[in-house]
Amino acid sequence: MKRYLTGIKPTGRAHIGNYFGAIKPAIEFSKQQDAENFYFIADYHALTTLQNKEDMIEYTYEIACTWLACGLDPNKVVFYRQSDVPEVFELNWILNNVTPKGLMNRAHAYKAIVERNAEAGVTVDEGVNMGLYNYPILMASDIMLLDADCVPIGLDQKQHLEIARDICHNFNLKYGNILKEPQYYIEDNTCTLLGLDGRKMSKSYNNTIPLFCDEKTLQKTINRIVTDSSLPTDPKPLDCVINKLYKLFASESEQKVMDEKLSTGIGWGDAKKELYRVMNEYIAPMRTKYDYYMSHRDEVDKILEDGAVKARKIATKTLQRVRKAIGVN
Ligand code: TRP
């Protein structure tokens, strides 16, 4: 039985790029046989930048409800909140002491800020708090605390996993083979979605389509997709943004019909209407679940609390082993 673990940062409303790029593959991944899955909400990682009480509460529920609505099965996945497992901080402190400071200096996220500051001519550590600086050590703690065999991640997290493995190695070199060295698995999601303006769908471009919003908002958002001024009777390119999005939500026969209409000529307005129809049909059942969970927060709390109990069972054992190894027990 292999144990998979991954963290999900609560960073605001999910968009359909997040859904196809991260949420859907991770949920499908959790359905494989002979595997134990631990997925947690990394609220204390979010704290490095998310420093507002209301947003922290809201984003945490939003992300939990999103994953549940998209099909995360709490019977198949131990789903918990990082902040409900305080053991992570004891391990975090211990691992601080086998982590060379230079390793943190080289972490991409920190280095990027330092370089930006240098270019802007301000002090290099401007805007860097210690949480941000130590972020990779907390990640290593999340992983090793649960004895994870493998961590499924996106490519952007690869360096963090290399760092976690380094930290594990340093600890084991000193104290014996105590911590499990985590492998990682990079989701091969070549699926980069295009946003409303034809660039990559990303919050920083403000061109996203929210996964869960009311129907009117969805319709309005789709209407904002940038098109050209060709006439309804003009043929349209099959690789236009509308058609690319359409293919994610439509059945094969619907896709064929749309391809045909585009080649022979269809007004952009009608194409958008048709995109809205299939998208809404696909999302509606999940949206209903999302709205249900968002208005039954006690049920979400219960799921996360149950998850934390299971996670802590493993966490306390790991910590006992570690404490004994370093001589504090
Ligand atoms: N840093 C990850 C992200 O930004 C989230 C995360 C926190 C994580 N702890 C983790 C991922 C442990 C994998 C394993 O998405």
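The model shown is predicted, which means the values in this text are computed figures rather than measured ones.
Residues L211 and I283 share a closest heavy-atom pair of O-CG2, 3.3 Å. Taking all atoms of both residues into account, the shortest heavy-atom contact from A164 to I143 is CB-CD1, 4.3 Å. Between T221 and T208, the closest heavy-atom pair is CG2-O, 3.8 Å. Looking at every heavy atom in both residues, L245 comes nearest to L194 through CD2-O, 4.1 Å. Among all heavy-atom pairs drawn from L50 and Y59, the shortest one is CD2-CD2, 3.7 Å. Shown here for V300 and C65, the closest heavy-atom pair between the two residues is CG2-SG, 3.9 Å.
Put simply, I41 and I57 are part of the same group of oily side chains (I, L, V, M, F, W, Y) that touch within less than 4.5 Å, one to the next. Taking hydrophobic clusters as Ile, Leu, Val, Met, Phe, Trp and Tyr residues chained together by side-chain heavy-atom distances below 4.5 Å, V78 does not share a cluster with V309. Residues M130 and V98 share a hydrophobic cluster, clusters being chains of Ile/Leu/Val/Met/Phe/Trp/Tyr side chains in contact below 4.5 Å. By the criterion of side-chain heavy atoms lying less than 4.5 angstrom apart, applied directly or through intervening Ile, Leu, Val, Met, Phe, Trp or Tyr residues, V122 is not grouped with L132; the two fall into different hydrophobic clusters. If you chain together hydrophobic residues whose side chains sit under 4.5 Å apart, F171 and V328 fall into the same group.
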> Would I209 and L218 count as a side-chain contact (heavy atoms from CB on, under 4.5 Å) if you check the C-alpha gap in whole Å, the side-chain angles of each, and the deciding distance to 0.1 Å?
Replying inline: CA-CA 7 Å; I209 302 176; L218 181 60; 3.7 Å; yes
> Yes or no on side-chain hydrogen bond (donor to acceptor under 3.5 Å, both in side chains) for N134 and Y110, after CA distance, side-chain angles and deciding distance?
Replying inline: CA-CA 9 Å; N134 288 328; Y110 172 67; over 6 Å; no
> Should E299 and Y292 be marked as a side-chain hydrogen bond (donor to acceptor under 3.5 Å, both in side chains) after you check the CA-CA gap, both sets of side-chain angles, and the distance that decides it?
Replying inline: CA-CA 10 Å; E299 284 185 34; Y292 174 85; 2.5 Å; yes
>> M104 vs I163, test: side-chain contact (heavy atoms from CB on, under 4.5 Å). Steps then yes/no.
In response: CA-CA 9 Å; M104 295 301 98; I163 291 173; 3.7 Å; yes
> Checking side-chain hydrogen bond (donor to acceptor under 3.5 Å, both in side chains) for the pair D43/T60: CA distance, chi angles, key distance, verdict?
Replying inline: CA-CA 7 Å; D43 48 0; T60 300; 5.0 Å; no
> Which is it for K174 and N97 under the side-chain contact (heavy atoms from CB on, under 4.5 Å) test, yes or no, and what are the steps along the way?
Replying inline: CA-CA 11 Å; K174 246 183 210 138; N97 298 282; over 6 Å; no
> What's the verdict on side-chain contact (heavy atoms from CB on, under 4.5 Å) for N117 and D125, showing C-alpha distance, side-chain angles and the deciding distance?
Replying inline: CA-CA 7 Å; N117 283 340; D125 282 329; 5.8 Å; no
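When atom types are taken as modelled, the side chain of Q159 and the backbone of H108 share a donor-acceptor pair closer than 3.5 angstrom. Checked by atom type and distance alone, the side chain of D142 never pairs as donor or acceptor with a backbone atom of V88 at under 3.5 Å. Listed for the R3 side chain is a donor-acceptor partner under 3.5 Å among the backbone atoms of L146. When atom types are taken as modelled, the side chain of K203 and the backbone of R13 share a donor-acceptor pair closer than 3.5 angstrom. A donor-acceptor distance shorter than 3.5 angstrom exists from the side chain of D214 to the backbone of T217, with no hydrogens or angles considered. Counting only distance, with no hydrogens or angles, the side chain of K9 and the backbone of H45 share no donor-acceptor pair below 3.5 Å. Between the E181 side chain and the R165 main chain, no donor and acceptor come within less than 3.5 Å of each other. Remark: the backbone N or O of I303 is not paired with any side-chain donor or acceptor of D306 at under 3.5 angstrom. Remark: the backbone N or O of N172 is not paired with any side-chain donor or acceptor of N177 at under 3.5 angstrom.
With contacts defined as side-chain heavy-atom distances shorter than 4.5 Å, the pair P10/E62 does not qualify. No side-chain heavy atom of V257 sits under 4.5 Å from any side-chain heavy atom of E274. The shortest side-chain heavy-atom distance between S141 and W93 does not fall under the 4.5 Å cut-off. Residues L95 and L179 form a side-chain contact, since some pair of their non-hydrogen atoms from C-beta on lies under 4.5 Å apart. Here the side chains of Y19 and M286 are in contact, with some heavy-atom distance below 4.5 Å. The shortest distance between side-chain heavy atoms of Q183 and D149 does not fall below 4.5 Å. With contacts defined as side-chain heavy-atom distances shorter than 4.5 Å, the pair N105/Y133 qualifies. With a 4.5 Å cut-off on side-chain heavy atoms, V151 and M139 do not count as touching.
F249 and F20 have their aromatic ring centers within a separation under 6.0 angstrom. No close placement of the Y185 and Y4 rings is indicated, their centers lying 6.0 Å or farther apart. Between Y80 and F40, a ring centre-to-centre spacing shorter than 6.0 Å is recorded.
In this structure, H296 places its NE2 atom where more than 12 heavy-atom neighbours from other residues, nucleotides or ligands lie under 6.0 Å away. No more than 12 heavy atoms of other residues, nucleotides or ligands sit less than 6.0 Å from atom CG of L155. Counted within 6.0 Å of OH on Y44, heavy atoms from surrounding residues, nucleotides or ligands total 12 or fewer; the atom is thus considered open. By the neighbour-count criterion of 12 heavy atoms within 6.0 Å, atom NZ of K256 is sparsely surrounded, having that number or fewer from other residues, nucleotides or ligands. Remark: N329 CG is packed, more than 12 non-hydrogen atoms of other residues, nucleotides or ligands lying under 6.0 Å away.
A salt bridge links R199 to D197: one of the charged nitrogens lies within less than 4.0 Å of a carboxylate oxygen. A salt bridge does not link K302 to E305: none of the charged nitrogens lies less than 4.0 Å from a carboxylate oxygen. In this structure, D301 does not pair ionically with R297, as no charged nitrogen and carboxylate oxygen lie closer than 4.0 Å. Salt bridge annotation for R106-E162: absent, with no cationic side-chain nitrogen under 4.0 angstrom from a carboxylate oxygen.
Rounding to the nearest 0.5 Å places CG of N18 at 9.0 Å from OG1 of T66. A distance of 6.0 Å separates CD1 in I314 from CD in E36, rounded to the nearest 0.5 Å. Atom CG of L145 and atom OG1 of T318 lie 5.5 Å apart (nearest 0.5 Å). Taken to the nearest 0.5 Å, the CG atom of L173 stands 5.0 Å off from the NE2 atom of H169. Note that the CG atom of L262 and the CG atom of D239 stand 10.5 Å from one another [nearest 0.5 Å]. Taking CG of N206 as the start and CE of M201 as the end, the distance is 11.5 Å to the nearest 0.5 Å.
Under the salt bridge (charged side-chain N to carboxylate O under 4.0 Å, His left out) rule, D147 has a single partner from R321, K317, K180, which is R321.
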Please output the side-chain donor-acceptor pairs of residues 21-32 that fall under 3.5 Å, not counting sequence neighbours, one pair per line with the distance.
from: S30; atom 1: OG; to: I27; atom 2: O; distance (Å): 2.6
from: Q32; atom 1: NE2; to: F29; atom 2: O; distance (Å): 3.2

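Residues in residues 257-267 take part in these side chain to side chain donor-acceptor pair (under 3.5 Å) pairs, two or more places apart or across chains: N243-D259, K247-D259.
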